[in-house]
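Read the structure below first, then the notes.
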Amino acid sequence: MLTETFQRDGPARGFMRDSTNWEPTAYRTHTIGQVVAAGESLVGSEVTIAGYAETVRGRGAICFLMLRDGTGRIQAFLKKDNMDDDLFDSIQSSTRESTIQITGKVAKKRPPKVPEGDPLPPPEFEVNAEDGMILAVSETPLPVGVTDEVNVGLDVRLDNRHLDLRRAHVNAMFQLRSKVLQYGREHLISEGFQEINSPKIIAAAAEGGTNLFPMKYFETDAYLSQSPQLYKQLAVLGGLERVFEIGAAFRAEKHDTYRHLNEFVSFDIEGAWMDDEDVMGVQERMISHIWCKISENDMGLIDAVNEYRESQGKDPVTVEAPALPFPRIPYCEAIDIVKQGGGEISWGDDIESHHCDIIAEKYPGFHFIPRWPMSMKPFYIHHKEGEEGSTGGQLSRGFDLNYGRDEMTSGGAREHRVEVLEQNLRDVGLDPSDFTFYTDGFRYGAPPHAGWGLGVARLLMVLTGAGNVREVVLFPRDRSRVTP
RNA sequence: GCCCCGAUGGUGUAGUGGCCUAUCAUGCAGCCCUGUCGAGGCUGCGACCCGGGUUCAAAUCCCGGUCGGGGCGCCA
């Protein structure tokens, strides 16, 4: 039923960008979206448009060319009588996805035949071509069909991402990615955070815990940064107060799952005079803002994703701003929930994916898991003496944000007492003298502070219903893929 | 690193020892058509991952390799 709707209406239109204010360029007087939107008022005017040839329907002495640019689709009507013979023939025989420029007058399109009794669709407009040019010919066959209704495997799609991106729902997902970053920035700026950029090339002896990619930096050894953690803290210690960064992080882990990549974009914040509860608040307000803005402004993009999902027999995704505050399920309580749900776990164990499944039955949406054991958190996480778990172990002020079974965020209050910091380093087998670039930042008065890092692709998975982070990363880097 | 599964035209698939000079869809190429719009009609094109082995006979069974998928582990 839904599939029929998808097919009858043709490919999604909701992913087309609003180009109301776009200026003319060297290759066009109007975007296709402008012609479609202006409609009636442009009838009789000459326009030059350019786009991809989505379909070319030849009909002897006439020809229908469906052109698509990033802002819309429109039909160009070509008549042999109205233009140069050779040009007509070359356009009529051009291949799908070739880029073509068309000049002609806007006209009202003849209404399509509809089944008896069905209402006529609203009037549409077309361009009666008088001149044109093939800008670049597409080779055939396409390795990934742009409008074909056949499934394509993810690997083939990623090998041909440049074509995959032309597909409506894929294009929509990357526009949504841009919107998520935009609204996230917008919100943080409104709360006084400033954007920073930390170095991605770092010296040896980083945080430990994860494997780093080594590289040669002139004559010395260096590594690709696993996280902006230490640097965003230094920025806060230095007086920038509230900072955020959206940047790449690299981890040389040989994982191979739907949610891990070896290069990923992390959305990080750090704020002075804040504790874990404060930054959880920032996070839930930011996510709520993103979801609100998407549902206000960008449902056309979600529709494009859903039209595809429907054609694949999948449930549509919905965008409803989650209620605030998000549930807080302290680590100790989470352990109890897992035990009650029949999971094998004891205090001090990591909460693994299959444990998260049990918790997600009770808390299917966003939820925080604060107060992890200190022994499970990195050395820079703050703890308060006397805050102990059910078996007496020291608790930390570190937290995770999960959605269902998936971890979105890791964060916490940071240790600002330099002597505790140095002891923490020794406790995890690191040498404080390797971290003076970092610990020195705490020697001259350090504000208590807190922050978090959010996996952008994981958040996008939630928003778009993508089952794999690779769907929402342009050119993903995993264990076996470094190209394209 | 472990366990399981898979690889058939450009793409997605059917096929479980002979019925396969291999199914279907989509695509591509050509022809017909002066208003198509999921265009239509007709005619073509194009594939069993690689290397060994078993068998009278292998897309199909076995071994090795390569590539891919799923699950797990590892993972601020």
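Below, chains carry the letters A, B, ... as their sequence lines are ordered, and counting in each starts from 1.
The CG atom of A:Leu87 lies 7.0 Å from the CD1 atom of A:Ile102; values are rounded to the nearest 0.5 Å.
Distance A:Tyr308 OH to B:G12 C1': 11 Å, rounded to the nearest Å.
With sequence neighbours left out, the salt bridge (charged side-chain N to carboxylate O under 4.0 Å, His left out) criterion links A:Arg161 to A:Asp164. Applying the side-chain hydrogen bond (donor to acceptor under 3.5 Å, both in side chains) criterion to A:Tyr52, with sequence neighbours excluded, gives no partner residue. Remark: A:Asp131 pairs with no residue by the salt bridge (charged side-chain N to carboxylate O under 4.0 Å, His left out) rule, at least two apart or across chains. With sequence neighbours excluded, no residue forms a side-chain hydrogen bond (donor to acceptor under 3.5 Å, both in side chains) with A:Gln92. With sequence neighbours left out, A:Lys80 forms a salt bridge (charged side-chain N to carboxylate O under 4.0 Å, His left out) with A:Asp89. Residues passing the salt bridge (charged side-chain N to carboxylate O under 4.0 Å, His left out) test with A:Arg481 are A:Asp155, A:Asp159, sequence neighbours excluded.
Contacts between residues 76-95 of chain A and RNA chain B, defined by a heavy-atom separation below 4.0 Å, involve A:Phe77, A:Lys79, A:Asp81, A:Thr95, listed by number.
Across all strands shown, A:Pro121 has no heavy atoms under 4.0 Å from either base or sugar-phosphate atoms.
In this model, the phosphate group of B:C74 is not approached by any side-chain N or O of A:Arg251 to a distance below 4.0 Å at OP1 or OP2.
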Please tabulate, one pair per line, all N/O donor-acceptor pairs under 3.5 Å involving side-chain atoms of residues 260-267 of chain A, not counting sequence neighbours.
unit_1: A:His260; atom_1: ND1; unit_2: A:Thr257; atom_2: OG1; d: 2.7
unit_1: A:Ser266; atom_1: OG; unit_2: A:Asp268; atom_2: OD1; d: 2.5

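Among pairs with a residue in residues 63-87 of chain A, those fulfilling ring pair (Phe, Tyr, Trp, His ring centres under 6.0 Å) read A:Phe64-A:Phe77, at least two apart in sequence or across chains.
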Which dot-bracket notation, 5' to 3', represents the base pairing of RNA chain B when pairs are defined as Watson-Crick or G-U with both distances under 3.5 Å, crossing pairs as [ ], and inter-strand pairs as |?
(((((((..(((.....[.....)))((((((.......))))))...(((((..]....))))))))))))....
I'd like a table of atom pairs between the protein and nucleotides 39-42 of chain B - only N or O on both sides, under 3.5 Å - with the distance next to each one.
unit_1: B:A39; atom_1: OP2; unit_2: A:Arg57; atom_2: NH1; d: 2.9
unit_1: B:A39; atom_1: O5'; unit_2: A:Arg57; atom_2: NH1; d: 3.3
unit_1: B:A39; atom_1: N1; unit_2: A:Arg59; atom_2: NH2; d: 3.0

Protein proximity profile, nucleotides 65-73 of chain B - base contact B, sugar-phosphate-only contact S, no contact -, cut-off 4.0 Å on heavy atoms
---S---SB
